[in-house]
Asker: 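Before I ask anything, here is the structure I am working with.
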Amino acid sequence: MLTTWLGILAAGFVVTIELSAMTLVLSVLVAALLALMSISPWRPLRGIASVYVDVFRSIPILALAISVYYGLGATLHAFGITPFGTAVAVLTAIESAYLAELYRGTLEAVRRPQWDAASSLGLRWIQTVRHVIVPQALPAAIPITLNMAIAIVKDSSLVSLIAVSEVTLVANQLIAETFQPVQIYLLVALLYVVLILPLSQVSRRIEVMVARRLGLQQRTDQEKALERLSIQAEARAG
Amino acid sequence: MTRSALTAGLGALLALVTMACGGSPTPTSTTPPFKTISSGTLTIATYGSAPPLITVGPGPNDIGGLSGGWAKAFATEYGLQIKLFQTTFASSLLAVQQGKADIGAPVYYNSDRAKTYFYTYPVDVEALVVFTKKSFSYSGPSSLKGHKVATVTGYVWTPYFQKFFGSDLQLYSAASDAKTAFMNGQVEAYLDADINYFSAPLSLSPDLSLHTVNGGDFGIPADIIANQSYWIVNCGEKDLAAAMDKTRDKLESSGKWKTIVDQDGAPPGTPQQTPKLTVPTNLC
């Protein structure tokens, strides 16, 4: 019985993984672009990024998914957009808004002297971003991205309401046939854990790997403690 | 006036004030021969409107249609307030199983469900049909192969559709969502009971075709193509199901059921409102 259920749920879980993967890739691209726009020296670009982030962070995923899928149904059909495509678009729109703000944070965390040094070398804004800022922001962006991947996997269950046969929808149908909600939802939870736990591990490893490649040392706890003490001492002296 | 007469008078006055302030419905029976989750309340799990079988709203506890007429008569008879537990079709089944609702809005019979619920008398008779637009050339189940079709999660037919259509089947949590997708043209066909033909949005569409389904079509056995809808009650509340049946008998014998059917039922001449009043085999 358990094996049969797992087999049925696995088919839905494949859809969950496909949906999450496509959403993540698109969200990273859109978020990176928005983050760069938000730190750019051009005000219109900053304005567009700011409006996008503010709007899409304010709309619940479920509300957007339902209003787009049912509200624009005939139009979506005319353009051949499937429920899966709608789900990817909706999830990307919202997740990229959150991710853009996180990326902006990592870019702005690069200290001001780095910008000044690049400028003194005659680098243009785009060159500074590409060769100086992004390489330093990247190690911090990777765990953030993987955390977002975990959020996307979990948020993907919401699109079961627009007929995407991901694992939650499949589980609901199975429960309607078997009346065993506890066992089936536990299996669903187990599948999510099996996917998400390795993601956390991979996140940590990639962070270390990228830091090494870029010649950035991972600081030890002792070094971090020393830095804290030094900042406190400077503050007292100041 | 003696003290006992005074006490009796005050008691009667108190009873009158209680009746006046207690609101409707007024109990007509002393102690109900069944338990409910919340004393004095009949909690009904509903899955939205499916006229003429059931309508829900506009108020949070408003119920109508054939099922609503029966439930309201039952609640009045036993002095119960109706409280709706509004959810999706699949979740309404679970709500009754898990004791969140006393009764569940009418569903079809199958042996798996009969191990989990008691069934009352049937409310109506329905049959599976295929809804398509007139422009779609329907010549039987095979003509739908390769086209996107919609139905609702939890229906007795859904497992058969899943086998037949595979990834072309789009499952919706609520019939209203599936109908919207169908009307939008996002799916080529909508698979559901014929009663849906009598309510919006399908009833409003001039370019709609309705196709009957025969036993064996889509791999569905003949005995579940046409179905009766029954209220469902948790296996532990057999007395509640029996009491509902008694109410229905009274409605029939008093002629009130005919009034409900005339008011809320399908158009005259359609077979929806003539089920035989028998309880199916309960396997609880």
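Each chain gets a letter, A, B and so on, in the order its sequence line appears, and its residues count up from 1.
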Asker: Would you mind checking which part of B:Leu93 comes under 4.5 Å of any heavy atom in chain A, side chain (CB onward), backbone (N, CA, C, O), both or neither?
Answerer: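 The side chain, not the backbone.
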
Asker: Extract the chain B to chain A donor-acceptor pairs under 3.5 Å, no hydrogen or angle test applied.
Answerer:
unit_1, atom_1, unit_2, atom_2, d
B:Gln97, NE2, A:Phe179, O, 3.0
B:Gly154, N, A:Gln173, OE1, 2.7
B:Gln170, OE1, A:Tyr69, OH, 3.4
B:Tyr172, OH, A:Tyr69, OH, 2.5
B:Asn184, ND2, A:Tyr70, O, 3.0
B:Gly185, O, A:His77, ND1, 3.0
B:Gly185, O, A:His77, NE2, 2.9
B:Gln186, NE2, A:Tyr69, O, 2.9

Asker: Top residue by heavy-atom pair count (under 4.5 Å) with chain A, among B:Ala181, B:Ala90, B:Pro159?
Answerer: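 Of B:Ala181, B:Ala90, B:Pro159, B:Pro159 has the most heavy-atom pairs under 4.5 Å with chain A.
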
Asker: With a 4.5 Å cut-off on heavy-atom pairs, point out which of A:Ala176, A:Ala11, A:Gly73, A:Ala74 contacts chain B the most.
Answerer: A:Gly73

